[in-house]
Amino acid sequence: MNTSTIQASSAQQAARSTDAQQIAAAAGRVLLAALFLLAGFSKLTQAEGTIGYIASVGLPFPELAYAGALFVEIGLAAALVVGYRTRWVAAAIAAFSLVTAFGFHFNLADQNQFIHFFKNVAIAGGLLQIVAFGGGALSLDARRTA
């Protein structure tokens, strides 16, 4: 095998790896956002119950908190799907996940709340990976900078 054949093979392997990474980055954004989109649309159909739940944990201005949750879970999650301002959006959703973990699921003696708490923490960790590495080539951010 000559040097040019080895270099061509390496370049093809790198291109396949890069393609797989970009597809994984896009799929990761969609899968993380799906959880928030489903929760947001559920909140839209159950506004009264959601506002009551927010009020039950003692948050002031539960209607405003409800509107903020809808903004994050529908608006920012949609931006995450398409990769618009991905790092900022992922950071905001990660912060939201941590706030909800501590504000709504911190009763760690309750098995259900324990699971929800650490689910939110894990989701924040995944979102911080997006903050660190960006949305990838299959995002609106990549198109804006090209």
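Computed from a predicted model, the values in this text were never measured in an experiment.
Between the OG1 atom of Thr100 and the NZ atom of Lys119 there is a distance of 7.0 Å, given to the nearest 0.5 Å. Here the OG1 atom belonging to Thr18 is positioned 11.0 Å from the CD1 atom belonging to Ile23, to the nearest 0.5 angstrom. With rounding to the nearest 0.5 angstrom, the CZ atom of Arg144 is 8.0 Å from the CG atom of Leu140. Taking CZ of Phe41 as the reference point, atom CG of Leu70 lies at 9.5 Å (rounded to 0.5 Å). In this structure, Ile130 CD1 and Ser139 OG are separated by 10.5 Å, a value rounded to the nearest 0.5 Å. Separation of atoms CG (Leu32) and CD1 (Ile123) is listed at 7.0 Å; rounding is to 0.5 Å.
Taking the ring centroids of Phe117 and Phe104, they lie at or beyond the 6.0 Å cut-off.
Among residues two or more places apart in sequence or in another chain, the side-chain hydrogen bond (donor to acceptor under 3.5 Å, both in side chains) test is passed with Gln113 by His105.
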Hey, can you pull the donor-acceptor pairs under 3.5 Å for the side chains in residues 56-69, sequence neighbours left out?
| unit_1 | atom_1 | unit_2 | atom_2 | d |
| --- | --- | --- | --- | --- |
| Ser56 | OG | Tyr53 | O | 2.7 |
| Tyr66 | OH | Lys43 | O | 2.9 |

Can I get a per-line list of side-chain donor-acceptor pairs under 3.5 Å for residues 76-95, giving both atom names and the distance, sequence neighbours left out?
| unit_1 | atom_1 | unit_2 | atom_2 | d |
| --- | --- | --- | --- | --- |
| Thr86 | OG1 | Gly83 | O | 3.0 |
| Thr86 | OG1 | Asp141 | OD2 | 2.7 |
| Arg87 | NH1 | Val131 | O | 2.9 |
| Arg87 | NH1 | Ala132 | O | 3.0 |

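Side-chain heavy atoms closer than 4.5 Å link hydrophobic residues (I, L, V, M, F, W, Y) into clusters, and following such links, even through other members, never connects Leu128 to Phe133. Hydrophobic clustering, with ILVMFWY side chains joined whenever heavy atoms are under 4.5 angstrom apart, groups Leu108 together with Phe102. Val72 and Val99 are assigned to two separate hydrophobic clusters, defined by single-linkage of ILVMFWY side chains at heavy-atom distances under 4.5 Å. Leu35 and Phe71 fall within the same hydrophobic cluster, where Ile, Leu, Val, Met, Phe, Trp and Tyr residues are linked whenever their side-chain heavy atoms come under 4.5 Å apart, directly or through other members.
For the residue pair Ile74 and Leu37, the shortest heavy atom distance occurs at O-CD2, 3.7 Å. Of all heavy-atom pairs spanning Gly135 and Ala25, the tightest one is O-CB, 4.0 Å. Residues Ala142 and Ala137 share a closest heavy-atom pair of CB-O, 3.4 Å.
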Steps toward side chain to side chain contact (heavy atoms under 4.5 Å, CB included) verdict (Phe118, Asn120): CA-CA 5 Å; Phe118 283 104; Asn120 282 27; over 6 Å; no
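In this structure, Phe96 and Leu98 have side chains that are not in contact, with every pair of non-hydrogen atoms separated by 4.5 Å or more.
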